[in-house]
Amino acid sequence: MSKLVKKQRVAIYCRLSEEDKDKKSKADDSESIQNQKIMLEKYALEQGWEIYEIYSDDNYSGANRNRPAFNKMLKDAENHKFDIVICKDQSRFSRELEMVEKYINGIFSEWGIRFIGVLDNVDTAIEDNRVMRQVHGVMNEYYLNRISVSVRGVLVNKRKHGQHIGSFAAYGYKKDPNKKGHLIIDEEAAQVVRKVFNLFLEGYGKTKIARMLNERGIPNPTEYKRIHGLRYKQPQKKNSTLWKYFSISDMLHNEVYIGNMVQGKYGSVSYKTKKNKPRPKDEWYRVEGTHEAIIDRETWDRVQALLAQKSKPFKGGEIGLFAKKVRCMNCDYTMASNKQSDGRRYLMCSNRHVHKDACIGAFISVNKLEQTVIEELNKLSKVYLNKDELEQKVDFANDLHKKKDILEKEIVTYEKKVEECNEAIREIYLDKVKKVITEQDYLHFSRDFSKEKEKYEKWVADREKEIQAIEEKIKDGDNRRQLIEQYTNLEHLDRIIVETLIDYIRVGKKDPITKEVPIEIHWNF
């Protein structure tokens, strides 16, 4: 009696490049995807194979590793749900040589998966076919690079000519429907912008302005976009609709409000990733007079002069002793100085006043912090000045390298958090595709994760700046002896001493049992 031969199961993978524009509608697969499916189904049936599933990614680049159907197919392949993967050609699977080597020429063999590119004769079952697959991989990689250079060149040219290329216009403006790359004033939001500049000139601080806008129920820029139907990818979470210190600060520094276009503040790391990194200011693209101004030049100059002072003075013109130097341990916001009824000054988390649930808050009197800094400085001087020069230099290098190591570990942690947010966004997208969640729920959750991702990316950028500063200190050498000798046995601090000795201070919330306030002093030496 003859033995039955089990049919081989085949996975069909189709991909349409986002450059193709032949869609019938947003809900339909493109003609190209349909053609790929028809061709590959016919090919599989002619071979006598059983079609396990058709995986389809529409509007995805061959360099994008976050394709939902692609990643589902790889997971199913690992779980041995089929025996063969077929594509129109190798580039449909991936245009990256690294991915070709990793999967087609590597892991697929371990999993017992055969790969076939029908039109370019790629077949992992043929031993001599490997060189052909690598040649195709190199050519596809070259294609990706050329496309990236071409697109980047177009964007640079537009930036140089002052054309707006962002997905959304800055708050206060909207895209001109009659002229691509041009901004026109959105009068409803522009009134708020003018109010912010005027309040700042009247002497209100940025946190106070944020609180005033919140009390009046004025939606912040993110919420404003949402209300007006713009699909702005920011989270819809607790306090995300509120104005905050940094929203006001960014607005007051943004030249877009005097009619200038400043772009290119961030640049992509590589065409293989969506990650961006800050670019030096001298590499930004700045073009004056590209659109109508919301803020007149006189108002702008007066505001910039106040901002240049960096710290808001108390009544009488005195700058706070620790102004702009103290941060909250809980939320990393700059702590603001206030005056009690008895005349004593204290520092508290400025985020605490934006909304009652925004931060648990940190609080300390200026006198207490001053005495703590002096005590720590005196402790350092007793230990440090008794050491010989060689030991000081060793300690100096070790301390800075330790700080650098800590920062690098924090960067790794936050980068993992960023990737976790990316993974979460991918997962909820798949849930939306499978109709596990609604479109509304998807938008709600994706905004949350996008906001978290943005926060972690900012923390990564901040720590990279701190590492750069440490590396400069190492290069410049040890000047601590001169500094410590100069400021030994102090009774009081002044603003010059604080600026010279202290990089920043972090203050936490008082321990309810010990009554101690956590304090971290980060010195400039």
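Atoms considered below: every heavy atom in the structure, side chains included; atoms not considered: hydrogens, waters and symmetry mates. Worth saying up front: this structure is predicted, and the values here are computed from it rather than measured.
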Can you confirm if the NZ or CZ of [X] lies within 45° of the ring axis of [Y] and under 6.0 Å from the centre of its six-membered ring?
X	Y	value
Lys432	Tyr442	yes
Arg67	Tyr60	no
Lys88	Tyr13	no

Check Asn66, Asp431, Asn71 against Arg426 for a side-chain hydrogen bond (donor to acceptor under 3.5 Å, both in side chains) and give me the one that passes. Asn66
For Leu307 and Phe200, what are the C-alpha separation, side-chain angles and deciding distance, and is it a side chain to side chain contact (heavy atoms under 4.5 Å, CB included)? CA-CA 10 Å; Leu307 291 171; Phe200 188 75; 3.6 Å; yes
Centroid-to-centroid, Tyr224 to Tyr171, below 6.0 Å? yes
Using distance alone, with no hydrogens and no angle criterion, decide if [X] and [Y] have a side-chain donor and acceptor under 3.5 Å apart.
X	Y	result
Asp503	His522	no
Ser91	Asp89	yes
Asn422	Lys453	yes

Are Lys102 and Glu96 within salt-bridge range, i.e. N to O under 4.0 Å? no
For the residue pair Tyr103 and Phe70, does the interplanar ring angle fall in the parallel (under 30°), tilted (30 to 60°) or perpendicular (over 60°) class? perpendicular
Relative to the ring of Tyr456, is the ring of Tyr414 parallel (under 30°), tilted (30 to 60°) or perpendicular (over 60°)? parallel
